Amino acid sequence: MSTNARSTEMRGPLGKHDIAALIARDIPRGAYVNLGIGQPTLVADHLPADSGVVLHTENGMLNMGPAAHGDEIDPDLTNAGKIPVTELPGAAYFHHADSFAMMRGGHLDVCVLGAFQVSAAGDLANWHTGEPDAIPAVGGAMDLAIGAKKVFVMMTLFTKTGAPKLVPRCTYPLTGLGCVDRVYTDLAVFDIIPEGVVVRETFGITLDELAGRLDLPLATAGH
């Protein structure tokens with residue numbers, strides 16, 4: 001394996017806000033973006049004020065701002081995860097059906113989703129673990145996965161028991177096939193391309209260590 005991926009080993013594993021900041025860094029200026037329920041909503045707090053990024057939420061809001069705190073909280077103004085949010089100038093509200101039409105119609109440049117698993121082919125599993133006592137929660141993930149022009153995933157690279165979430169083939173029920181473009185984790189950022197999985201940068205782990213813990217071939221940027 002080549003060693004062209006950018007390594008920041010001294011930083012150690014990233015926290016969720018660090019991952020969110022990386023994603024915010026990579027979202028193109030002026031993009032229309034949906035942030036999935038859970039940790040992806042943190043990306044809103046790290047977008048520069050002059051980014052021009054327009055945030056869409058599936059419950060019917062466009063130009064959503066960062067999370068609301070204190071006196072900013074309006075109980076009627078929430079994202080799809082029921083988290084209180086702010087609104088930016090020009091914010092608009094609309095029917096749930098119109099929101100899904102935006103998602104399905106290819107009008108979103110980027111969506112950021114959480115995941116239980118992502119395969120080397122870019123398949124996404126993020127709505128159900130298949131366990132008998134698990135509660136399925138598909139929401140709008142299937143619509144976003146096939147409707148957005150780019151799909152970014154935000155997750156930890158390993159489960160609490162140490163099992164990889166980036167896998168040769170998903171074993172959980174699928175959300176979408178071949179839909180994931182990039183995976184942001186606490187230990188590394190990966191691009192999913194037709195040729196396989198490419199490591200863009202690492203955090204607190206060497207490329208050799210990463211390759212030893214993942215059961216799939218890895219390439220590095222430029223190779």
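The shown structure was predicted, so the numbers you read here are calculated from the model rather than taken from an experiment.
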Practice task
To the nearest 0.5 Å, tell me how far T41 OG1 sits from K82 NZ.
Solution key: 13.5 Å
Problem - F94 vs M102 side-chain heavy atoms within contact, under 4.5 Å - result: yes
Handout entry: S119 side-chain N/O to D123 backbone N/O, donor-acceptor pair under 3.5 Å
Key = yes
Practice task
List the steps, then state whether salt bridge (Lys or Arg N to Asp or Glu O under 4.0 Å) holds for D26 with R182.
Solution key: CA-CA 11 Å; D26 291 346; R182 187 172 294 170; 3.5 Å; yes
Practice task
Hey, could you give me each pair passing salt bridge (charged side-chain N to carboxylate O under 4.0 Å, His left out) that has a residue in residues 94-107? Not counting sequence neighbours.
Solution key: R104-D143
Problem - Interatomic spacing from CG in L210 to CD1 in I205 - rounded to 0.5 Å - result: 5.0 Å
Handout entry: Validation row: V189, V183 side chains within 4.5 angstrom (heavy atoms)
Key = no
Practice task
Establish, yes or no, whether the cationic atom of R213 lies under 6.0 Å from the six-membered ring centre of F158 and within 45° of the ring axis.
Solution key: yes
Practice task
State whether a side-chain donor-acceptor pair under 3.5 Å links K165 with T156.
Solution key: yes
Practice task
May I ask you to test the H17-L42 pair for a side-chain heavy-atom distance under 4.5 Å?
Solution key: yes
Exercise for the section: Inspect the contact between D186 and K16 and indicate whether a charged nitrogen and a carboxylate oxygen are less than 4.0 angstrom apart. Expected result: no
Exercise for the section: Check step by step if side chain to side chain contact (heavy atoms under 4.5 Å, CB included) holds for N79 and M64. Expected result: CA-CA 8 Å; N79 62 23; M64 176 184 76; 3.7 Å; yes
Exercise for the section: Ignoring hydrogens and angles, state whether a donor on the side chain of N59 or T57 is under 3.5 Å from an acceptor on the partner side chain. Expected result: yes
Handout entry: M155 side chain near F116 side chain, heavy-atom distance below 4.5 Å
Key = no
Exercise for the section: Might you point out which heavy atoms bring L218 and F190 nearest each other, and give the distance in Å? Expected result: CD2-CE2, 4.2 Å
Handout entry: N/O donor-acceptor pair under 3.5 Å between D191 side chain and I193 backbone
Key = no
Exercise for the section: Go through the structure and list residues passing side chain to side chain contact (heavy atoms under 4.5 Å, CB included) with H96, not counting sequence neighbours. Expected result: F100
Handout entry: Any side-chain heavy-atom pair of T78 and M61 under 4.5 Å
Key = no
Practice task
Measure the shortest side-chain to side-chain distance between L124 and V153 over non-hydrogen atoms and say whether it is less than 4.5 angstrom.
Solution key: yes
